[in-house]
2 protein chains.
Amino acid sequence: MTIKMDQKKQKLFEARAKIIKAMAHPTRLFIVDELSKGEKCVCEITGMIDADISTVSKHLSVLKASGIIQDEKRGSQVYYKLKCSCILGFFNCVENVIKTTANDHKKLIR
Amino acid sequence: MTIKMDQKKQKLFEARAKIIKAMAHPTRLFIVDELSKGEKCVCEITGMIDADISTVSKHLSVLKASGIIQDEKRGSQVYYKLKCSCILGFFNCVENVIKTTANDHKKLIR
DNA sequence: ACAACATTTGGCGATTTTGCCAAATGATCA
DNA sequence: TGATCATTTGGCAAAATCGCCAAATGTTGT
């Protein structure tokens with residue numbers, strides 16, 4: 001019900017938003033950043049995050065449902081890894097936006 | 001209170017998440033996509049979206065607050081445009097994730 | 001089978017986001 | 001000045017998200 005005319009277009013943007021939404025949380029962003037260095041099991045990830053294990057698990061399932069990461073069970077542990085390394089391009093651009101904003105603030109002060 | 005040890009790291013990921021969060025909505029994604037083709041005034045944008053004008057205006061202000069877009073008033077109209085074209089890299093990657101997921105589903109069916 | 005470990009799921013209150021309406025603000029023009 | 005157009009802001013109810021606890025599930029080793 002948001003974008004006019006085209007039903008398909010609407011669905012397309014919803015699908016895209018779901019993926020971006022999956023990254024739209026500090027903890028999940030941190031997880032993606034860590035996984036970009038290589039696969040990790042849940043216990044390694046929870047060791048780095050100050051939240052309940054169940055909370056971390058839910059963050060992981062959001063990322064998995066979006067198709068950004070994938071899991072693999074080995075013994076009693078579950079290992080997660082990125083499915084698309086292009087995700088890292090996000091960070092570069094985000095950093096760019098942060099820098100630009102910081103620069104604009106400086107200009108205002110000058 | 002999410003990522004262990006480092007206070008600065010925490011703030012960094014929060015700042016990044018804020019920017020990604022700004023894109024994490026179908027309507028806002030649509031707006032960014034449209035603005036990637038060139039600047040547009042609010043009335044042009046609202047003409048393409050089936051929602052209250054005030055709703056669109058609020059979406060625009062979220063994008064503006066995140067530093068992704070900027071506005072410029074000309075006469076009685078306000079024109080918006082992207083601040084960083086790298087934002088478009090997001091779409092490519094998102095499309096990639098969607099395709100990969102679709103492929104995985106096909107494999108399951110086969 | 002039982003205890004211990006790793007992870008996920010259910011549920012629930014607290015917080016945040018969303019979207020509409022109505023009202024306010026600002027610019028243009030008669 | 002008053003009317004009208006363009007846009008933003010305030011407020012509020014509905015919906016979605018977040019994070020904890022407790023409980024369930026699955027695995028390993030005894």
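This structure is a prediction, so every number in the text was calculated from the model and none was measured. Naming convention: chains lettered A, B, ... in sequence-line order (proteins, then strands); numbering from 1 in each chain.
The nearest heavy atom of DNA chain D to A/Ala24 and to A/Gly75 marks one nucleotide each, and the one closer to the 5' end goes with A/Ala24.
Among the nucleotides C/dC20, D/dT27, D/dT7, the one closest to the side chain of B/Gln77 is D/dT7. Taking the side chain of B/Ser54 as heavy atoms from C-beta on, and the options C/dA27, D/dA22, C/dA22, the nearest nucleotide is C/dA22. Considering only the side chain of A/Thr55, D/dG19 comes nearest among D/dG19, C/dC21, C/dT7. Minimum atom distance to the side chain of B/Ser57 is reached by D/dT9, of the listed D/dG19, C/dT7, D/dT9. Each of C/dG19, C/dT8, D/dT7 was ranked by its minimum atom distance to the side chain of B/Lys58; first place goes to C/dG19. With C/dT7, D/dC20, D/dT7 as the candidates, the nucleotide lying closest to the side chain of A/Val78 is C/dT7. For B/Ile53, counting side-chain heavy atoms from C-beta on, the closest listed nucleotide (D/dC21, C/dA27, D/dT7) is D/dT7.
Straight-line distance from the CG atom of B/Asp52 to the C1' atom of D/dG10: 14 Å, rounded to whole Å. We find that CG of B/Asp50 is positioned 18 Å from P of C/dT18, with the value rounded to whole Å. Going from atom CD1 of A/Ile69 over to atom C1' of C/dT8 covers 14 Å, rounded to whole Å. Following rounding to the nearest Å, A/His59 (NE2) and C/dT8 (C1') show an atom-to-atom distance of 14 Å. Separating the CD1 atom of B/Ile31 from the C1' atom of C/dG19 is a distance of 13 Å, rounded to the nearest angstrom. Atom P of nucleotide C/dT18 and atom CG of B/Leu29 are separated by 12 Å, given to the nearest angstrom. In this structure, A/Ile49 places its CD1 atom 14 Å from C1' of D/dC18, rounding to the nearest Å. The OH atom of A/Tyr79 sits 11 Å away from the P atom of C/dA6 (whole-angstrom rounding).
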### Task
Report the C-alpha distance between A/Lys81 and A/Glu34 in whole Å, list the side-chain angles of each, state the deciding distance to 0.1 Å, and finish with yes or no for salt bridge (Lys or Arg N to Asp or Glu O under 4.0 Å).
CA-CA 9 Å; A/Lys81 64 178 172 189; A/Glu34 283 301 320; over 6 Å; no
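B/Ser61 comes within 4.0 angstrom of no nucleic acid atom, judged by non-hydrogen atoms across all strands. Heavy atoms of A/Arg28 sit under 4.0 angstrom from primed sugar atoms or phosphate atoms, though from no base atom. Contact annotation for A/Tyr80: backbone-only contact, meaning every heavy-atom pair under 4.0 Å involves sugar-phosphate atoms and none involves a base. Contacts of B/Leu60 with the nucleic acid, taken as non-hydrogen atoms under 4.0 Å apart, are absent. Contact annotation for A/Lys21: backbone-only contact, meaning every heavy-atom pair under 4.0 Å involves sugar-phosphate atoms and none involves a base.
A cation-pi arrangement is absent between B/Arg16 and A/Phe91, since the terminal nitrogen or guanidinium carbon is not both under 6.0 Å from the aromatic centre and inside a 45° cone about the axis.
Considering only side-chain N and O atoms, B/His25 lies nowhere under 4.0 angstrom from the phosphate OP1 or OP2 of D/dA16.
Across all non-hydrogen atoms, the minimal contact from A/Thr101 to B/Gly67 is OG1-CA, 3.9 Å. The minimum heavy-atom distance between A/Arg74 and A/Glu72, with the atom names listed, is NE-OE2, 3.3 Å.
Counting heavy atoms from C-beta on, the side chains of B/Leu29 and B/Asp33 never come closer than 4.5 Å.
By the 6.0 Å contact criterion, CG on A/Leu12 is enclosed, its count of non-hydrogen atoms from other residues, nucleotides or ligands being greater than 12.
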